[in-house]
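Heads up: numbering here begins at 1 and tracks the sequence. This one's a predicted model, so the numbers in the text were calculated from it and none came from an experiment.
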Amino acid sequence: MREAQKILASGVKVMDPTRLDVRGKLIHGPDLALDVNVILSGAVTVGSKVSIGPNTCISDTTIGSGVSILSGCVIDGAIIEDDVVVGPNARLRPGTVLRNRSKIGNFVEVKNSVIGAGSKANHLAYIGDATIGEGCNIGAGTIFCNYDGVNKHHTTLGDRVFVGSNCVLIAPVSLGDDVFVAAGSSVSKSVPAQNLAVGRS
């Protein structure tokens, strides 16, 4: 309660101070809004004009300005740049970097990956050990198959890559700029720039 009162006194909008749990240190800019049942752990740094939705857990994370964290998100060890939207019900694991204007939607998990500026994974995807360029689209049901049972492998996407729904990218694999992956494809070989990849069985 003492921490909640300090945060209120610093100008943060707290929907219900009795349902805010601060277990570490919060550094923030102006116009921060915290909804109910937010848990902040470790070192959390937040820019200006940020809203954090209800039932969200954030630990050891840096958040830029103009960011919206929607309800039910779990964020640990991430870097979130400006004007990003996360959630609802998204999970960001350690090593995640979301560049400006990117979007991670509902039921998307990201681990040890860089999501380029303006890129989006709107729903139902797993992105692990990947570098994704700018302006990419990751379709619903897509997974980055990064683990072969022994080692983790990396996937690289160039700029403006479109991955259709229900695809599997089997690492290590690289997709060049402007590649289009048809829905339902399993991709295990690298694809040069400006090519269409179709791999169905």
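- Note: the hydrophobic cluster containing Val163 does not contain Leu196 (ILVMFWY, side chain heavy atoms under 4.5 Å, direct or indirect links).
- A donor-acceptor contact shorter than 3.5 Å links the side chain of Glu81 to the backbone of Asn100.
- Note on Ile115 and Val173: same hydrophobic cluster, where clusters join Ile, Leu, Val, Met, Phe, Trp and Tyr whose side-chain heavy atoms are under 4.5 Å apart, directly or indirectly.
- Heavy-atom minimum distance, Asp60 versus Gly42: OD1-CA, 3.4 Å.
- In the model, Asn55 has a side-chain atom that pairs as donor or acceptor with a side-chain atom of Asn37 under 3.5 Å.
- Around the CZ atom of Arg2, the shell of radius 6.0 Å holds no more than 12 heavy atoms that belong to other residues, nucleotides or ligands.
- Between Asp83 and Arg101 there is no salt bridge, since no side-chain nitrogen of the basic residue lies less than 4.0 Å from a carboxylate oxygen of the acidic one.
- In terms of modelled atom types and a separation under 3.5 Å, the side chain of Asn89 and the main chain of Phe107 share no donor-acceptor contact.
- Ser48 and Asp31 form no side-chain donor-acceptor contact under 3.5 Å, judged by distance and modelled atom types alone.
- When hydrophobic residues (I, L, V, M, F, W, Y) are linked wherever their side-chain heavy atoms come within less than 4.5 Å, the members clustered with Leu70 are Val85.
- Val191 and Val181 fall within the same hydrophobic cluster, where Ile, Leu, Val, Met, Phe, Trp and Tyr residues are linked whenever their side-chain heavy atoms come under 4.5 Å apart, directly or through other members.
- Contact between Val187 and Lys189 at its shortest, heavy atoms only, is CG1-O, 3.4 Å.
- Between the side chain of Thr61 and the backbone N or O of Ala78, at least one donor-acceptor pair lies under 3.5 Å.
- Summarising the geometry of Thr155 relative to Ala171, their closest heavy-atom pair is OG1-CB, 3.4 Å, with the distance given to 0.1 Å.
- At least one donor-acceptor pair closer than 3.5 Å links the side chain of Asp177 to the backbone N or O of Asp159.
- Cluster membership for Ile7 and Val67, using ILVMFWY side-chain heavy atoms within less than 4.5 angstrom, is shared.
- Shortest non-hydrogen contact noted between Val50 and Gly64 is CG2-O, 3.2 Å.
- Looking at His154, its side chain does come within 3.5 Å of a backbone N or O of Asp129 through a donor-acceptor pair.
- Thr96 contributes a side-chain N or O that, together with a main-chain N or O of Val110, makes up a donor-acceptor pair within less than 3.5 Å.
- Looking at Val86, Ile58, Asp76, Ile79 one by one, the single match for side-chain contact (heavy atoms from CB on, under 4.5 Å) with Leu92 turns out to be Val86.
- With hydrogens and angles ignored, the 3.5 Å screen pairs no side-chain donor or acceptor of Arg91 with any backbone N or O of Lys111.
- A side-chain contact (heavy atoms from CB on, under 4.5 Å) with Ile80 holds for exactly one of Ile69, Thr62, Ile104, Val97; it is Ile69.
- For Ser119 (side chain) and Gly135 (main-chain N/O), a donor-acceptor pair under 3.5 Å exists by modelled atom type.
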